Amino acid sequence: MKRFALGITLSLALVASVFAQSGDMTPLAVVKLNKTETITLKQLKSKVGLYEKQYGQAITDVESRKQILDSLIQEKLILQAASKQGVVITDSQIDQYFLSSLSQQFNQQFTTEAQLSNFIKANTGKTLEEYVKLQAGMSLKEYKETIKNQVTLQQYIYVMKQAEIAKIAATDSEIRSFFDMNRSNFVWNDSAKIFIVTVQKGNNASSAQATAKDLRNQYVKDKSKENAIKTSPDNGTKYTAGSMWIAKTSAYAQALGWSSANMDELFGKAVGYVSEVTETQTDYQFYVVQKKESAKMLGISDIVQPESNVTVYEYIKAMLTQQKQLQYFAQAAEDVAKSLDTPANVERKKTGDALNALLKW
């Protein structure tokens with residue numbers, strides 16, 4: 001049987017929910033630490049649907065459903081405790097988390113919701129509202145509210161346990177052992193630093209192509225225009241421009257919308273080469289080759305990527321430390337929630353056989 005603990009992770013699958021079209025409003029519990037909130041059978045069914053979507057299988061046993069009910073109670077307890085403590089998450093913070101999660105999903109950097117909306121419309125034919133409803137089963141407003149609850153949970157637990165979390169770190173032996181077991185993963189593929197400009201097609205492909213050609217002409221005539229193109233207010237709205245290191249891998253080709261032939265062309269060009277404006281499925285783009293590095297195996301003291309100050313040792317330390325802190329964080333969240341789960345704070349309306357019967361839907 002899976003263990004359904006309090007969820008505090010920000011991923012699309014975990015913040016998405018499945019809202020039932022109909023359900024029983026029977027109250028299962030009342031949380032009253034800072035205000036009165038009722039958890040209904042319908043809400044529990046929705047939460048079970050969330051986990052079923054996450055794990056890709058039905059959850060039918062009563063004990064698992066009880067655990068999910070407990071996680072709902074714990075979530076509301078911590079949210080009420082956070083409110084009582086004065087933890088405030090602003091709408092602008094939620095917007096940034098939202099954009100960040102979709103940037104990761106699409107492997108694109110979105111700085112505004114308008115930019116995200118245009119991208120989704122161009123690639124899926126759907127509005128942002130329609131896309132979120134399809135993926136998350138809720139409106140955009142409801143989706144952001146769910147993110148807000150998760151961020152609030154995280155912030156409250158961090159405030160309560162920050163001293164303990166700060167002490168957790170990977171040891172030297174753990175770091176070196178990880179490197180020894182994963183040496184083959186620490187390599188540089190052939191890499192190139194490029195200045196790349198992309199113009200999304202949106203609803204007007206010909207206009208996007210014209211914009212891309214105009215920007216390329218500006219750069220070719222005067223290479224100092226690179227900074228002006230990067231810092232223009234139009235960067236992030238009318239087009240996207242910036243420098244990036246890419247490796248000669250299929251993952252990078254896919255992210256750029258390139259074929260293997262496109263990658264071969266790039267890595268066959270000398271530093272200073274300016275490509276023609278080319279068309280992908282979603283945009284028009286051109287690039288400039290700025291630097292190149294050959295493939296090599298990395299030692300533990302080497303920098304983890306070109307032009308970085310982070311060594312492989314430091315990279316592994318940060319990764320392992322984060323893993324250990326997340327493990328502690330998850331347990332701390334559950335411990336805090338359990339400490340708040342008292343008869344004074346939670347009134348369980350259904351218990352024993354009565355609860356068991358309701359959980360056999």
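The shown structure was predicted, so the numbers you read here are calculated from the model rather than taken from an experiment. Computation of the quantities below employed the complete heavy-atom set of this structure, encompassing side-chain atoms and omitting hydrogens, waters and symmetry-equivalent molecules. Note that the numbering runs from 1 along the sequence shown for the chain.
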For this session: Establish, from distance only, whether the side-chain atoms of Gln325 and Tyr158 form a donor-acceptor pair under 3.5 Å.
Result: no
For this session: Determine which pairs satisfy salt bridge (charged side-chain N to carboxylate O under 4.0 Å, His left out) with at least one residue from residues 185-200, sequence neighbours left out, and list them in order.
Result: Lys193-Glu307
Exercise. Does any donor atom in the side chain of Thr146 or Asn149 lie under 3.5 Å from an acceptor atom in the other side chain?
Worked result: no
Seminar exercise, completed: Contacts of Arg348 meeting salt bridge (charged side-chain N to carboxylate O under 4.0 Å, His left out) (sequence neighbours excluded), chain-then-number -> Asp70, Asp341
Problem set entry | Modelled atom types, side-chain donor and acceptor of Ser191 and Asn189, under 3.5 Å | no
For this session: Please collect all ring-ring contact (aromatic ring centres under 6.0 Å, His included) contacts where either partner lies in residues 292-322, sequence neighbours excluded, each pair once.
Result: none
Exercise. Under the side-chain contact (heavy atoms from CB on, under 4.5 Å) criterion, do Leu215 and Phe286 qualify, and how do the steps go?
Worked result: CA-CA 9 Å; Leu215 290 167; Phe286 74 91; 4.0 Å; yes
For this session: Name all residues meeting the salt bridge (charged side-chain N to carboxylate O under 4.0 Å, His left out) criterion together with Glu174; count only those two or more places apart in sequence or in a different chain, and write none if there are none.
Result: Lys324
Problem set entry | Contact list for residues 103-117, test salt bridge (charged side-chain N to carboxylate O under 4.0 Å, His left out), sequence neighbours left out | Glu113-Lys144
Exercise. If you group Ile, Leu, Val, Met, Phe, Trp and Tyr whenever their side-chain heavy atoms sit less than 4.5 Å apart, what else falls in with Val30?
Worked result: none
For this session: For residues 212-229, pull every pair meeting salt bridge (charged side-chain N to carboxylate O under 4.0 Å, His left out), keeping only residues two or more places apart or in separate chains.
Result: Arg216-Glu276, Glu226-Lys230
Exercise. Can you name the salt bridge (charged side-chain N to carboxylate O under 4.0 Å, His left out) partners of Glu279, sequence neighbours left out?
Worked result: Lys201
Show which side-chain atoms of residues 292-302 pair as donor or acceptor with protein atoms under 3.5 Å away, not counting sequence neighbours.
residue, atom, partner, partner atom, Å
Lys292, NZ, Phe267, O, 2.9
Lys292, NZ, Lys269, O, 2.8
Asp302, OD2, Gly299, N, 2.6

Seminar exercise, completed: ring-ring contact (aromatic ring centres under 6.0 Å, His included) pairs touching residues 241-262, sequence neighbours excluded, are Trp258-Tyr287
Sequence neighbours excluded and cut-off under 3.5 Å, please list the side-chain donor-acceptor pairs for residues 349-361, or say none.
residue, atom, partner, partner atom, Å
Lys349, NZ, Glu347, OE2, 3.0
Asn356, OD1, Lys66, NZ, 2.9
Asn356, ND2, Gly352, O, 3.4

Problem set entry | Qualifying ring-ring contact (aromatic ring centres under 6.0 Å, His included) pairs with a residue from residues 175-207, counting only residues at least two apart or across chains | Phe179-Phe186, Phe195-Tyr219
Problem set entry | Distance-only donor-acceptor check, side chains Glu265 and Ser275, under 3.5 Å | no
